[in-house]
J.: 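For reference, the structure I am asking about is given below.
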Amino acid sequence: KFLKKTSLFLVTAAMTVSAPLMAWALEHDIVILHTNDIHCGINDNIGFAGLAQIKKDALARTPNVALVDAGDAIQGAPIGKLSRGLAVVDIMNYLGYDFCIHGNHEFDYGMERFLELVPLQRAGYYCANFVYAGNNKQVLPGYKIMQYEDTKVAFVGASTPESLTTSTPTFFQNEKGKYIYSFCEDKTGNKLYKQLQKNIDKARKDGADYVFIVGHLGMDGTTPQWSSESVAKNTQGVDAVINKVGKDVLLAQTGTKLKTVGELVISPGGKLKSRLITESNGKDANIARVIAQEIKTYEPLLKQPVGEALVQLRSNDPATGERIVRNRECSLGDFVADAYRAVLDCDVVLANGGSIRNEIKTGVISYNDLLEAFPFGNMCVVLEVNGQQILDALEMGAISYPEESGGFMQVSGLSYTIDSSVPSSIELDAKGNFVRVAGARRVSDVKIGGKPLDVK
């Protein structure tokens, strides 16, 4: 449940109109504030109260301010888990978001819950490429046009086809395992580009002077044909992205948990400029009170003690602070896998590193500590499998090694070796699911209980 090196972005795209022709349409700047990967970080870094202050300061400069989010807002911390996303949606409504898209983690409470939240998000959820698999009809509106003075600005939503595997695949399937939802995935990327282009063209036809793609797609480590760069290169009629005619690119992303807030400005002369805001000029008191009230609702439950850690259970390198749970063995990964094996009374445990999101410090462990470390509420499943299936699962977990991957396996009851000098030869289907290992394997020397794995 992890989009590799998630780099969510605002791809800006404007009509080809020279600055003198656009100048008449605006007296003031249009300021677009954008966020991504909030992951319930309502009080982290800049925080929602700081974001509210940034928006208030922008409105003091110009009446033309938009606030948009590029997904993964409602999952990632206890307040999201316990409210199943609603608490974060409520705060976003108070903040006055204008446009939102879903990321892969908006689906982590299940499809039914996401569709319940859609009408509650006042800004609306938009996505051009989230469609019904049977007829290719959009599940959500693909774009929204907003008017500032005499200028119309369109926001087009795009979300990664990797959602089918980086969230829970069964959420997109019927009871027989058939996919009923699609993100316009294929091995070339053309289905995705065509669907986005169709919505871009519709927005332009509806009179949009500017078109912005707000995308939850990703950059480094993402499936290449679905990356932000590939979308930028393969959509036409946009000036601020690298596309088929080789024009300039403007890709902006803000990091996770409100480390920064993005600001894109359209000047009265039609020029675009982008920056990242790293701190706010104070905290908005009204939003701070709303956040405090939401936290108070769940505080008694979160403070309950559930155990004690005699040593710190780490998912990061103690020397560098670098996250290691997604590409090597670590103490928290070992503890989790060993605990599952003991409770479930099984021979082997495979636990994906992407499901572990925090460390557990020495001392009393609260329910909040558990939810911070394990925010997904993943279900454990006991299966009877053969040696070949175990070998294939380990190979799939090592597909990106030594780079990070949420599918990297923390294990109990077995040991194995990964040779990173061997290129991964895994074949995936169009949705990103495992098909087979077509060539040399990276994983070897697999032992269960100290004995070689039997793959016969």
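We're numbering straight along the sequence, starting at 1. Hydrogens, waters and symmetry mates play no part in the numbers below; they use all other heavy atoms, side chains included.
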J.: Heavy-atom count around F434 CZ within 6.0 Å, excluding the residue itself: above 12?
T.: yes

J.: Determine the interplanar angle of the F183 and F172 rings, folded into 0 to 90°, and report it as parallel if under 30°, tilted if 30 to 60°, perpendicular if over 60°.
T.: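 Ring orientation of F183 relative to F172: perpendicular.
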
J.: Looking only at heavy atoms, which two atoms of A70 and G215 are closest? And how far apart?
T.: CB-O, 3.8 Å

J.: To the nearest 0.5 Å, tell me how far M111 CE sits from S167 OG.
T.: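 Taking CE in M111 and OG in S167, the distance rounds to 8.0 Å.
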
J.: Q195 vs N199, test: side chain to side chain contact (heavy atoms under 4.5 Å, CB included). Steps then yes/no.
T.: CA-CA 7 Å; Q195 184 70 11; N199 280 263; 3.9 Å; yes

J.: Would you sort out whether L383 and Q389 count as a side chain to side chain contact (heavy atoms under 4.5 Å, CB included), showing the intermediate values?
T.: CA-CA 11 Å; L383 300 172; Q389 290 171 312; over 6 Å; no

J.: So, does Q410 use its side chain to make a donor-acceptor pair with the main chain of R328 at under 3.5 Å?
T.: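 Between the backbone of R328 and the side chain of Q410 there is a qualifying donor-acceptor contact (under 3.5 Å).
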
J.: I'd like to know if R436 pairs up with D429 as an ion pair, taking the criterion as any Lys NZ or Arg NE/NH1/NH2 lying under 4.0 Å from an Asp or Glu carboxylate oxygen.
T.: no

J.: Using side-chain heavy atoms (C-beta onward) and a distance below 4.5 Å, is V68 in contact with Y126?
T.: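 With C-beta onward as the side chain, the pair stays apart.
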
J.: Would you please test F114 and F171 for ring-ring contact (aromatic ring centres under 6.0 Å, His included) and show each step?
T.: CA-CA 10 Å; F114 172 68; F171 292 162; over 10 Å; no

J.: Side chains of H216 and N104: any donor to acceptor distance under 3.5 Å?
T.: yes

J.: Using side-chain heavy atoms (C-beta onward) and a distance below 4.5 Å, is L394 in contact with L414?
T.: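 They are in side-chain contact.
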
J.: Kindly assign one of parallel, tilted or perpendicular to the pair H102 and F130, based on the angle between their ring planes and the thresholds 30° and 60°.
T.: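 Ring orientation of H102 relative to F130: perpendicular.
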
J.: Take C346 and R341 through the side chain to side chain contact (heavy atoms under 4.5 Å, CB included) test and state the conclusion after the steps.
T.: CA-CA 5 Å; C346 54; R341 188 158 68 102; 4.3 Å; yes

J.: Counting neighbours of CG on N386 that are heavy atoms of other residues, nucleotides or ligands and sit closer than 6.0 Å, is the number greater than 12?
T.: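 Buried by this count: over 12 neighbours within 6.0 Å.
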
J.: Roughly how far apart are S424 OG and R441 CZ, rounded to 0.5 Å?
T.: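 Spacing of OG (S424) from CZ (R441) equals 10.0 Å.
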
J.: Looking at R122, is its backbone amide N or carbonyl O close enough to the side chain of N93 to form a donor-acceptor pair, meaning the two atoms are under 3.5 Å apart?
T.: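 Indeed, once roles are kept as given, a pair shorter than 3.5 Å links the two residues.
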
J.: Check whether D37 reaches the backbone of D72 with its side chain - one donor and one acceptor, N or O, closer than 3.5 Å.
T.: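 Pair absent, no side-chain N/O of D37 close to backbone of D72.
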
J.: If you round to the nearest 0.5 Å, how far is CG of D186 from OH of Y193?
T.: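 Rounded to the nearest 0.5 Å, the OH-CG separation comes out at 8.0 Å.
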
J.: Just by distance, do the side chain of D209 and the backbone of K152 share a donor-acceptor pair under 3.5 Å?
T.: yes

J.: Establish, from distance only, whether the side-chain atoms of N368 and S366 form a donor-acceptor pair under 3.5 Å.
T.: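 Their side chains do not contain a donor-acceptor pair, so the 3.5 Å distance test is not met.
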
J.: Once rounded to the nearest 0.5 Å, what's the spacing between atom CG of L86 and atom CD1 of I91?
T.: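 Reported value, rounded in 0.5 Å steps: 10.0 Å.
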
J.: Quick one: closest heavy-atom pair of V231 and L217, and the distance?
T.: CG2-CD1, 3.6 Å

J.: Nearest 0.5 Å, what's the CG-CD1 distance between N36 and I101?
T.: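 Those atoms lie 9.0 Å apart.
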
J.: Any donor and acceptor pair, going by atom type alone, linking the side chain of S182 with main-chain N or O of V131 inside 3.5 Å?
T.: no

J.: Hey, does the side chain of D98 reach the backbone of L67 with a donor-acceptor pair shorter than 3.5 angstrom?
T.: yes

J.: Taking the side chain from S83 and the backbone from I79, do they hold a donor-acceptor pair closer than 3.5 Å?
T.: yes

J.: Search all heavy atoms of H105 against all heavy atoms of T166 and return the closest pair with its distance.
T.: CE1-O, 4.1 Å

J.: Please check: side-chain N/O of H39 versus main-chain N/O of Q75, any donor-acceptor pairing under 3.5 Å?
T.: yes

J.: For the pair E395 (side chain) and V443 (backbone), establish whether a donor and an acceptor sit closer than 3.5 Å, ignoring hydrogens and angles.
T.: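 Flag set: sc E395 to bb V443 pair under 3.5 Å.
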
J.: Can you say whether the rings of F408 and Y401 are parallel (under 30°), tilted (30 to 60°) or perpendicular (over 60°)?
T.: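 Because their plane-to-plane angle is under 30°, the rings of F408 and Y401 count as parallel.
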
J.: Could you walk me through whether F48 and L258 pass side chain to side chain contact (heavy atoms under 4.5 Å, CB included), step by step?
T.: CA-CA 8 Å; F48 272 157; L258 292 169; 3.8 Å; yes

J.: Kindly indicate whether a cation-pi arrangement holds for K202 with Y143, taking the cut-offs as under 6.0 Å to the six-membered ring centre and within 45° of the axis.
T.: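 So K202 doesn't make the cation-pi contact.
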
J.: Nearest 0.5 angstrom please: D201 CG to D206 CG, how far?
T.: 11.0 Å

J.: Just wondering, are more than 12 heavy atoms of other shown residues or ligands nearer than 6.0 Å to OH in Y181?
T.: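 Atom OH in Y181 is crowded, with more than 12 foreign heavy atoms closer than 6.0 Å.
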
J.: Can we say K361 and D369 salt-bridge, meaning some charged N sits less than 4.0 Å from an Asp/Glu carboxylate O?
T.: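 D369 and K361: not salt-bridged.
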
J.: Please answer whether the main-chain N or O of A73 pairs with a side-chain N or O of E106 as donor and acceptor at a distance below 3.5 Å.
T.: yes

